[in-house]
*Asks:* 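First the structure, which I've put down as structure tokens, then a few questions once you've had a look.
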Amino acid sequence: MIKLVCFDLDDTLMDFHKGEEIAFYETMKEENVEASHDDYLLYKKINGALWKKLEKGEVERYALQRIRFEELKKESQLDFDIEKVNALFPKKLSEQAILLEDSERILKWCSKKAELAIASNGTATTQHRRIEKSGIDKYFKYIFISEEVGHAKPHQGFFDAIFKTANVSPEEVLFIGDSLSADMKGAVKSGCISVWFNPKHIINDLNVIPDHEMDRLSSIIDRWEEFK
């Protein structure tokens, strides 16, 4: 029996990439820096690689936030104050709460079936603000953010915190997320019912086999009995 449904936040419930891009340009504009689309793509590449290192425990969160802008300045033609941009960007990002299609409808439906939780690797202040601003906070009994938990997905400690706090066993948890390396790797290893949200039909090139895969959030409703 499913007692808890855990949702990853970014690119599962919210359009993180669109929000990130808006925040990037707004940050640079406020610092009087004219950034191009190529500059944003470079930032995105640098940031993505660093988050992969975070998942592996190879870099600390606060170092990541600083290093990404250090590397961007080094590899681009942009001239900006690293400390100012590093402080401003999270504030701009925290104001971006763009829900993906069907997110709120699915949360409302799921909230009648089980308790709900958010499980995110994001920064605590940024994620809490985005969740609150989006209006979906009312659906969640628990919010697990790696900075507060003390471990990042896929670390077992993150998932153990979920089981302990919600007083559930792994097989009672339905875990839904878009990342194979963070969400699915952790969910599969910890024994949750794992559902890979894969709207872009990305090829699974990792040695991670989720229990289920779906390309639409609405499939949760259609396949609920299958997930049990």
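Everything numeric here is computed off the predicted structure, so don't read it as measured data.
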*Asks:* How about Arg66 and Asn86: does a side-chain donor come under 3.5 Å of a side-chain acceptor?
*Replies:* no
*Asks:* Give, for atom CD of Gln127 and atom CE of Met14, the distance between the pair rounded to the nearest 0.5 Å.
*Replies:*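 Going from CD on Gln127 over to CE on Met14, the span is 7.5 Å.
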*Asks:* Specify the closest pair of heavy atoms between Ser94 and Arg129, including all atoms of both residues, with the distance to one decimal.
*Replies:*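 Minimum heavy-atom contact is O-CG, 3.1 Å.
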*Asks:* State, yes or no, whether a side-chain contact exists between Leu116 and Lys141 at a heavy-atom distance under 4.5 Å.
*Replies:* no
*Asks:* Parallel, tilted or perpendicular: which describes the rings of Tyr40 and His37, with under 30° parallel and over 60° perpendicular?
*Replies:* tilted
*Asks:* Is Leu50 linked to Val85 within one hydrophobic cluster, defined over Ile, Leu, Val, Met, Phe, Trp and Tyr using a side-chain heavy-atom separation of less than 4.5 Å?
*Replies:*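 Yes, one cluster joins them.
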*Asks:* Between Lys73 (side chain) and Asp79 (backbone), is there a donor-acceptor pair under 3.5 Å?
*Replies:*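 Side chain of Lys73 to backbone of Asp79, a donor-acceptor pair under 3.5 Å: no, none is there.
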*Asks:* Give the C-alpha distance, both sets of side-chain angles, the deciding distance and a yes or no for side chain to side chain contact (heavy atoms under 4.5 Å, CB included) between Ile46 and Phe69.
*Replies:* CA-CA 9 Å; Ile46 292 169; Phe69 289 113; over 6 Å; no
*Asks:* Distance check, rounded to the nearest 0.5 Å: Ile131 atom CD1 versus Ser120 atom OG?
*Replies:* 6.5 Å
*Asks:* Taking C-beta and beyond as the side chain, do Asp39 and Glu34 meet within less than 4.5 Å on heavy atoms?
*Replies:*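 SC-SC contact between Asp39 and Glu34 ruled out.
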*Asks:* How long is the straight-line distance from CZ of Phe158 back to OG of Ser146, given to the nearest 0.5 Å?
*Replies:*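 Taking OG in Ser146 and CZ in Phe158, the distance rounds to 6.5 Å.
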*Asks:* For Asn198 and Glu213, run side-chain hydrogen bond (donor to acceptor under 3.5 Å, both in side chains): C-alpha distance rounded to whole Å, both residues' side-chain angles, the deciding distance at 0.1 Å, then the answer.
*Replies:* CA-CA 7 Å; Asn198 185 21; Glu213 181 178 341; 3.0 Å; yes
*Asks:* State whether the side chain of Asn121 and the backbone N or O of Ala152 hold a donor-acceptor pair below 3.5 Å, judged by distance alone.
*Replies:* no
*Asks:* Quick one: does Phe16's side chain get under 4.5 Å of Leu93's, heavy atoms only?
*Replies:*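 When only atoms from C-beta onward are counted, Leu93 and Phe16 do touch, with a gap below 4.5 Å.
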*Asks:* How are the rings of Phe159 and Phe163 set relative to one another: parallel (under 30°), tilted (30 to 60°) or perpendicular (over 60°)?
*Replies:*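 Tilted: the ring planes of Phe159 and Phe163 meet at 30° to 60°.
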*Asks:* Is a donor on one side and an acceptor on the other found under 3.5 Å between the side chain of Lys3 and the backbone of Ala114?
*Replies:*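 Here the side-chain-to-backbone pair does not exist.
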*Asks:* Given 3.5 Å as the limit, does a donor-acceptor pair link the side chain of Trp109 with the main chain of Ile221, or not?
*Replies:* no
*Asks:* Is the distance between the ring centroids of Phe89 and Phe24 under 6.0 Å?
*Replies:*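 No - the distance between ring centres of Phe24 and Phe89 does not fall below the 6.0 Å cut-off.
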*Asks:* Does a side-chain heavy-atom distance below 4.5 Å link Met1 with Glu172?
*Replies:*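 Not touching, per the 4.5 Å side-chain cut-off.
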*Asks:* Heavy-atom count around Glu95 CD within 6.0 Å, excluding the residue itself: above 12?
*Replies:*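 Yes, CD of Glu95 has more than 12 neighbouring heavy atoms, counting only those of other groups under 6.0 Å.
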*Asks:* Is there side-chain contact between Phe227 and Asp211, with at least one heavy-atom pair below 4.5 Å?
*Replies:* no
*Asks:* Would you call Ile162 and Leu4 a side-chain contact if the rule is heavy atoms closer than 4.5 Å?
*Replies:*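 Answer yes - side chains close enough.
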*Asks:* Glu147 and Thr123: side-chain donor and acceptor closer than 3.5 Å?
*Replies:*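 Looking only at side-chain atoms, Thr123 and Glu147 do not form any donor-acceptor pair under 3.5 Å.
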*Asks:* Quick one: do Leu72 and Tyr62 end up in the same hydrophobic cluster if we chain Ile, Leu, Val, Met, Phe, Trp and Tyr together by side-chain heavy atoms under 4.5 Å apart?
*Replies:*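 Unlinked, Leu72 and Tyr62 end up in two clusters.
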*Asks:* Looking only at heavy atoms, what is the nearest atom pair of Glu55 and Ala182, with distance?
*Replies:*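 Looking at all heavy atoms of both residues, the shortest contact is OE2-CB, 3.5 Å.
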*Asks:* Side-chain contact, heavy-atom cut-off 4.5 Å: Leu107 with Phe7?
*Replies:* yes
*Asks:* Check this for me, if you would: do Lys153 and Asp8 make a salt bridge, where the nitrogen-to-carboxylate-oxygen distance has to be below 4.0 angstrom?
*Replies:* yes
*Asks:* Is it true that Phe175 and Phe197 have ring centroids separated by less than 6.0 Å?
*Replies:* no
*Asks:* Give a yes or no answer on whether the side chain of Thr12 reaches the backbone of Leu9 with a donor-acceptor pair at less than 3.5 Å.
*Replies:*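 Pair absent, no side-chain N/O of Thr12 close to backbone of Leu9.
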*Asks:* Is there a side-chain contact between Asn204 and Met184 in this structure, where contact means two heavy atoms from C-beta onward sitting under 4.5 Å apart?
*Replies:* no
*Asks:* Look at atom NZ of Lys44 and say whether more than 12 heavy atoms of other residues, nucleotides or ligands are closer to it than 6.0 Å.
*Replies:*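 For Lys44, atom NZ is crowded (more than 12 foreign heavy atoms under 6.0 Å).
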*Asks:* So, Ser190 side chain and Gly186 main chain: donor-acceptor pair closer than 3.5 Å or not?
*Replies:* yes
*Asks:* Could you measure the distance from the CD1 atom of Ile209 to the OG atom of Ser194? Nearest 0.5 Å is fine.
*Replies:* 9.5 Å
*Asks:* Out of curiosity, Leu41 CG to Ser76 OG, how far, rounded to the nearest 0.5 Å?
*Replies:* 12.5 Å
*Asks:* So does Glu26 pair up with Lys91, basic N to acidic O under 4.0 Å?
*Replies:* no
*Asks:* Should the heavy atoms of other residues, nucleotides or ligands under 6.0 Å from CG of Asp222 be counted, would the total exceed 12?
*Replies:*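 Count over threshold, so yes.
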*Asks:* Count the heavy atoms belonging to other residues, nucleotides or ligands that lie under 6.0 Å from CD of Gln77, then report whether that count exceeds 12.
*Replies:* no
*Asks:* Does Arg130 come within less than 4.0 Å of Asp10, counting only side-chain N to carboxylate O?
*Replies:*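 Result for this pair is yes, salt bridge flagged.
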*Asks:* Rounded to the nearest 0.5 Å, how far does CD of Glu20 lie from OG1 of Thr27?
*Replies:*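 Between Thr27 OG1 and Glu20 CD, I get 10.5 Å after rounding to 0.5 Å.
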*Asks:* Evaluate the criterion side-chain hydrogen bond (donor to acceptor under 3.5 Å, both in side chains) for residue pair Tyr139 and Glu104; output intermediate values, then yes/no.
*Replies:* CA-CA 9 Å; Tyr139 297 110; Glu104 186 155 12; 3.1 Å; yes
*Asks:* Report yes or no: does Asn47 contribute a side-chain atom to a donor-acceptor pair with the main-chain N or O of Tyr43 at less than 3.5 Å?
*Replies:*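 Absent.
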